[in-house]
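Since we're looking at a predicted model, the values are computed, not measured.
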Amino acid sequence: MFATSRLYLSMAGLLLALAGFAEARERDETSHNTALVQKAFDDWKAGRGSVFDLLADDAEWTVAGSSPDSGTYRSREELMTRAVVPINAQLSTPITPEVKHIVAQGDAVVVLWDGRAMAKDGSPYENSYAWHLVFDDGRITRVTAFLDTWLLDRLMR
């Protein structure tokens with residue numbers, strides 16, 4: 001009976017240790033992903049890159065909403081050629097991001113940010129965004145982007 005009790009206590013201790021290890025690993029992953037996103041936005045704001053640099057080649061990017069600009073892009077290349085490049089072509093200044101808040105847990109990071117630019121017609125382009133980013137080994141593999149897609153649609157006309 002004493003041996004059985006010791007076995008149960010040992011097993012309980014092992015389970016607690018494993019749970020602590022998993023929790024610590026998730027905290028490290030969360031901190032790492034948060035730092036990657038913050039640095040990418042800082043670099044973007046400074047004109048040295050952007051969040052798009054973190055995308056895996058096969059990343060899936062979904063723009064939520066019901067406007068003509070809503071939809072899903074099945075690769076980094078498709079997103080860049082069908083969305084990012086055409087949007088930038090309508091702007092006389094690059095979008096300058098201002099991060100409002102970053103929330104992260106494990107492999108997921110949500111960033112709330114405002115973007116400002118000047119359209120080629122001289123009108124301001126100002127939009128607010130919420131991006132849900134999913135990471136795998138330091139690369140973004142899946143994104144759901146929330147923004148005023150009808151405002152974006154006006155820019156694209």
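Under the rule for a side-chain hydrogen bond (donor to acceptor under 3.5 Å, both in side chains), K100 has no partner lying at least two apart in sequence or in another chain. With sequence neighbours left out, E98 forms a side-chain hydrogen bond (donor to acceptor under 3.5 Å, both in side chains) with K45. Taking D136 as the reference, nothing meets the side-chain hydrogen bond (donor to acceptor under 3.5 Å, both in side chains) condition, with sequence neighbours excluded. Here S128 pairs with D114 under the side chain to side chain contact (heavy atoms under 4.5 Å, CB included) rule; sequence neighbours left out. Residues forming a salt bridge (charged side-chain N to carboxylate O under 4.0 Å, His left out) with R74 (at least two apart in sequence, or on another chain): E60. In terms of the side-chain hydrogen bond (donor to acceptor under 3.5 Å, both in side chains) criterion, residue partners of Y129 (sequence neighbours excluded) are, by chain and number, Y125.
Relative ring orientation between W131 and W44 is described as parallel, the plane-to-plane angle staying below 30° on a 0-90° scale split at 30° and 60°.
Checked against T149 for a side chain to side chain contact (heavy atoms under 4.5 Å, CB included), the options P68, S67, S66 give a single hit: S67.
A distance of 12.5 Å separates CZ in R48 from OG in S50, rounded to the nearest 0.5 Å. Rounding to the nearest 0.5 angstrom, the gap separating the CD1 atom in I95 from the CD1 atom in I87 is 6.5 Å. Here CD of Q105 is found 6.5 Å from OG1 of T30. Values are rounded to the nearest 0.5 Å. Here the CG atom belonging to D28 is positioned 10.5 Å from the CG atom belonging to N33, to the nearest 0.5 angstrom. With rounding to the nearest 0.5 angstrom, the CD atom of Q90 is 7.0 Å from the NZ atom of K120. The CD1 atom of I140 sits 11.5 Å away from atom CG of D107, with the distance rounded to the nearest 0.5 Å.
Among pairs with a residue in residues 84-94, none fulfils salt bridge (charged side-chain N to carboxylate O under 4.0 Å, His left out), at least two apart in sequence or across chains. Contacts classified as salt bridge (charged side-chain N to carboxylate O under 4.0 Å, His left out) and involving residues 146-157 (residues at least two apart or in different chains) are given here: D153-R157. Legend: ring-ring contact (aromatic ring centres under 6.0 Å, His included) pairs involving residues 78-98, not counting sequence neighbours: none detected. Applying the ring-ring contact (aromatic ring centres under 6.0 Å, His included) test to every pair with at least one member in residues 132-157, sequence neighbours left out, gives no pairs at all. Screening residues 73-104 for ring-ring contact (aromatic ring centres under 6.0 Å, His included), with sequence neighbours left out, gives no hits. Each side chain to side chain donor-acceptor pair (under 3.5 Å) pair with one or both residues in residues 76-87, not counting sequence neighbours, appears once here: E78-R82.
When atom types are taken as modelled, the side chain of T141 and the backbone of V134 share a donor-acceptor pair closer than 3.5 angstrom.
For the pair M156/P86, a side-chain contact is recorded, criterion being any heavy-atom separation below 4.5 Å from C-beta on. The closest side-chain heavy-atom distance from F41 to V51 is below 4.5 Å. Side-chain contact between V111 and V99: present, with at least one pair of heavy atoms (C-beta onward) separated by less than 4.5 Å. The closest side-chain heavy-atom distance from L55 to V143 is below 4.5 Å. Two residues are said to be in side-chain contact when any heavy atoms from C-beta on lie closer than 4.5 Å; L36 and L54 meet this criterion.
Side-chain heavy atoms closer than 4.5 Å link hydrophobic residues (I, L, V, M, F, W, Y) into clusters, and following such links, even through other members, never connects F52 to L112. No continuous path of hydrophobic side-chain contacts links L147 to V103 [ILVMFWY only; heavy atoms under 4.5 Å].
Donor-acceptor pairing under 3.5 Å is lacking for the side chains of T144 and T62.
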- Query: Run the side-chain contact (heavy atoms from CB on, under 4.5 Å) check on I102 and Q38 step by step: do they pass?
  - Reply: CA-CA 8 Å; I102 297 176; Q38 185 65 64; 3.3 Å; yes
- Message: Is there a side-chain contact (heavy atoms from CB on, under 4.5 Å) between L91 and L155? Walk through the geometry before answering.
- Response: CA-CA 9 Å; L91 300 171; L155 173 72; 3.9 Å; yes
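In this structure, S70 and G65 approach most closely via the heavy-atom pair OG-C, 3.1 Å. Across all non-hydrogen atoms, the minimal contact from A117 to P94 is CB-O, 3.7 Å.
Within a 6.0 Å sphere centred on CG of D121, other residues, nucleotides and ligands contribute more than 12 heavy atoms. R139 CZ: more than 12 foreign heavy atoms inside a 6.0 Å radius.
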